[in-house]
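Basis for what follows: all heavy atoms, side chains included, without hydrogens, waters or symmetry-related copies. Convention: sequence-line order gives letters A, B, ...; per-chain numbering from 1.
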Protein chains: 2
Amino acid sequence: MRDVARLANVSVATVSAVVNGSAVVSAQRAARVKKAMEALDYHADQIARGLKTGRTRVVGVVIPDITNPFYPEVILGAEEVAGLARYSVILCNANEDTAQEERQLNALFSHRVDGVLIACSNPAVAVDRLLHRRFPIVCFDRIPEGFRGDAAATDNFAGGYEATRHLIELGHRRIAILAGRTELSTHSGRMEGFRKAMQEAQLPVLDEYCRTGGMQAETGYRFGRAMVRLATPPSAVFCSNNKVLLGFMRALAEAGVECPADISVVGFDDFTWTENFHPPLTVVYQPARELGRQAMHLLLSRIEGGAAAAECQRVQLRPELHVRQSTARFEEAGRPGQIAAPGYERSF
Amino acid sequence: MRDVARLANVSVATVSAVVNGSAVVSAQRAARVKKAMEALDYHADQIARGLKTGRTRVVGVVIPDITNPFYPEVILGAEEVAGLARYSVILCNANEDTAQEERQLNALFSHRVDGVLIACSNPAVAVDRLLHRRFPIVCFDRIPEGFRGDAAATDNFAGGYEATRHLIELGHRRIAILAGRTELSTHSGRMEGFRKAMQEAQLPVLDEYCRTGGMQAETGYRFGRAMVRLATPPSAVFCSNNKVLLGFMRALAEAGVECPADISVVGFDDFTWTENFHPPLTVVYQPARELGRQAMHLLLSRIEGGAAAAECQRVQLRPELHVRQSTARFEEAGRPGQIAAPGYERSF
DNA sequence: GGTGTCATCCGTAACGTTTAGAACAGCTGC
DNA sequence: GCAGCTGTTCTAAACGTTACGGATGACACC
């Protein structure tokens with residue numbers, strides 16, 4: 001900057017003024033400065049600027065699992081609107097680990113990011129602390145319990161409800177749920193939707209039909225193996241996590257259980273490959289990219305509007321049921337020896 | 001920091017010394033300082049530190065398409081080793097757009113990142129400029145032509161070669177290739193491997209069997225539609241990009257062409273879902289996460305070792321062919337009316 | 001007691017910006 | 001001719017660190 005000033009024969013203040021347009025400078029001088037900047041390939045140092053202004057034009061995004069294709073899609077949307085507003089994003093992958101999440105948050109904070117977008121687990125002590133300091137933070141996807149701040153998420157209750165309704169309407173009565181970690185708002189919401197639908201249809205939700213706790217394919221596989229060994233296996237399953245679903249389907253395949261002939265399955269999240277899956281999957285789709293966009297909008301307006309803005313903004317996105325071929329009508333006396341009770345049981 | 005110093009009744013220099021361990025300070029004082037830091041919840045400001053030291057402990061990672069599940073997996077590995085070394089990573093998604101890539105690079109640079117990891121397209125003017133200034137930069141996956149710097153990538157030639165050999169050994173003679181953008185090192189490498197295998201087997205590579213240029217499902221779909229309309233369609237296809245493959249398979253399904261009965265397909269990259277695909281896909285797997293780890297190692301050692309380190313380090317990872325059910329033996333007089341020439345053609 | 005050697009500690013000048021306020025020049029109006 | 005404006009430019013003090021060089025005191029040695 002000093003070099004630019006010298007070359008253009010002005011002071012650094014003038015250079016700063018033309019860079020930021022923060023003060024009026026005569027056309028002639030401005031031209032000189034611009035030429036000098038060009039000549040020296042000058043780019044303002046965001047670090048120094050950040051130190052002085054307290055604003056870095058960097059936001060943090062922390063997600064629990066970058067390997068779950070849902071999140072990259074969200075990031076895509078978030079990055080899109082951040083980039084448009086000339087913000088950069090630091091990405092942190094917490095790996096489903098609260099301790100790591102907290103470390104990441106601290107790192108972000110000491111890097112002086114202007115705000116953070118986070119899909120976070122309970123309990124959210126670190127997040128609450130930040131929020132309490134009026135630090136711009138918005139939660140997306142997973143909203144910690146009791147969180148009082150901006151948030152964007154899919155209507156998980158509706159998603160769970162519709163998925164279950166779909167199964168019920170197909171004639172299923174013995175419906176199981178694989179629900180991921182229910183201490184997360186996402187999965188508890190989907191679970192609630194499931195319960196509501198079951199209750200409305202006066203169907204029981206059996207303990208042995210409720211499996212919770214895991215978020216990886218591995219746990220889905222375990223669930224699947226356990227489920228096929230049940231004396232009376234369910235005729236349909238709602239699986240609220242896509243990675244769990246993958247493992248579950250693998251277990252079914254290994255056990256020779258056919259979907260949808262022997263069992264109907266509806267999953268969560270839709271991707272390019274779900275329609276080429278075997279079988280093409282019925283899923284509840286959530287608009288992941290749009291979620292990323294909206295969440296980042298919330299964050300940026302919080303950052304620019306300051307904490308003075310409206311107390312707490314929430315956006316909720318509607319999921320959509322995409323019906324494909326992993327769900328089929330259930331006939332009690334259907335495919336002989338498979339759907340009918342005794343043969344069905346033995347076939348597992 | 002001033003507050004901490006005041007509370008501990010020492011100078012800021014001393015606080016800095018205990019934070020960084022950069023000078024010896026008596027145990028008693030150190031304890032006082034630590035207690036004060038605790039009491040005030042002091043965290044060093046990385047921005048100020050960065051300004052002073054010229055090192056930010058942030059690295060940039062720029063990828064061409066976060067929606068391609070290959071890259072998140074790479075990021076996972078990169079983040080893992082960066083985190084261990086207490087570096088944060090700024091993620092940039094270039095969206096397969098050279099102009100955007102250059103903007104991202106500039107942003108990273110003015111944020112004073114200590115180095116960047118990039119999978120970049122040709123021509124790599126921006127990258128070359130950085131490299132020329134001895135800025136720590138390592139290319140991964142896609143290595144621009146003539147790039148003289150650190151790089152990590154899969155042996156794409158071997159991947160293409162093995163995929164093609166596999167098809168040839170299954171008896172295929174009319175083999176097509178869907179090669180993505182061949183100006184990228186990845187796809188040109190895979191293409192070269194393909195050519196080599198074809199040449200060794202004295203098989204012709206026909207123009208109408210070579211489709212290049214796209215990286216999205218949409219183009220794969222177009223390729224597929226065009227290919228099934230050919231007078232003499234190929235009996236096997238090597239598709240060097242996973243998203244293109246998805247579109248291609250969709251086109252086949254729509255046209256009623258069955259895989260592997262009518263056509264064998266081998267893809268690139270392996271994911272959790274490839275084995276549940278319909279049909280389970282034969283693919284050449286590249287160790288994406290390990291690639292991320294190695295690339296980040298290269299970068300960090302370049303950063304810490306300075307430009308003084310070895311002239312230029314390269315690591316190459318071996319891909320593996322994962323054989324599943326999308327490839328099958330080709331019998332000239334096989335499945336009647338499908339594989340035999342005239343009927344085969346009509347069946348499309 | 002003077003001198004030299006350590007071991008600690010502190011003052012302070014940077015790092016590259018922004019920004020408040022001072023300075024200055026050219027007008028206008030009386 | 002001078003006060004008062006306006007419009008432009010500059011000076012210099014921050015922002016929160018680090019690190020160089022000097023200061024201080026304790027101790028040992030002659």
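Across residues 23-46 of chain B, B:V24, B:V25, B:S26, B:R29 each have a non-hydrogen atom less than 4.0 Å from an atom of DNA chain C (numbered order).
Once you apply a 4.0 Å limit to the heavy atoms of chain A, the touched nucleotides of DNA chain D run 5' to 3' over D:dT8 to D:dG16.
The CZ-C1' distance, from B:R112 to C:dC15, rounds to 8 Å in whole Å. Regarding B:R6, its CZ atom lies at a distance of 13 Å from the P atom of C:dG11, rounded to whole Å. Nucleotide C:dC15 holds its C1' atom 14 Å from the CZ atom of B:R49, rounded to whole Å.
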Practice problem: Please lay out, stage by stage, how B:T186 and B:N156 fare under the test side chain to side chain donor-acceptor pair (under 3.5 Å). | Solution: CA-CA 6 Å; B:T186 42; B:N156 287 295; 5.5 Å; no
Practice problem: Take B:R181 and B:E96, measure what salt bridge (charged side-chain N to carboxylate O under 4.0 Å, His left out) needs, and give me the verdict at the end. | Solution: CA-CA 11 Å; B:R181 287 167 46 205; B:E96 300 281 6; 3.0 Å; yes
Quiz prompt | salt bridge (charged side-chain N to carboxylate O under 4.0 Å, His left out) between B:R293 and B:E79, intermediate numbers included | solution = CA-CA 8 Å; B:R293 287 200 201 96; B:E79 243 242 347; over 6 Å; no
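A pairwise comparison of heavy atoms in A:V25 and A:A30 identifies CG2-N, 3.7 Å as the closest pair.
For the pair A:K52 and B:V10, both in contact range of DNA chain C, the more 5′-proximal nearest nucleotide belongs to B:V10.
In this structure, the side chains of A:Q46 and B:R112 stay at 4.5 Å or more apart for every pair of heavy atoms. Contact of the A:P69 side chain with the B:P69 side chain is not registered, since no non-hydrogen atoms from C-beta on lie closer than 4.5 Å.
Between C:dT17 and A:S16, no contact under 4.0 Å exists linking OP1 or OP2 to a side-chain N or O.
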With the criterion being N/O to N/O and under 3.5 Å, what pairs connect the protein with nucleotides 20-23 of chain C, and how long is each?
none

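Checking B:I47, B:V58, B:D45 one by one against A:H111, the side chain to side chain contact (heavy atoms under 4.5 Å, CB included) holds for a single residue, B:V58. Partner of A:T154 under the side chain to side chain donor-acceptor pair (under 3.5 Å) criterion, out of A:E290, A:Q316, A:Q286: A:Q286 alone.
A donor-acceptor pair under 3.5 Å is formed between the side chain of A:N68 and the backbone N or O of A:F70. Not a single donor-acceptor pair under 3.5 Å links the side chain of A:D3 to the backbone N or O of A:M1.
Looking at B:N93 and B:Y71, their side chains never bring a donor and an acceptor atom within 3.5 Å of each other.
Within the nucleic acid shown, B:T53 comes within 4.0 Å of sugar-phosphate atoms alone, with no base atom in reach, counting heavy atoms only.
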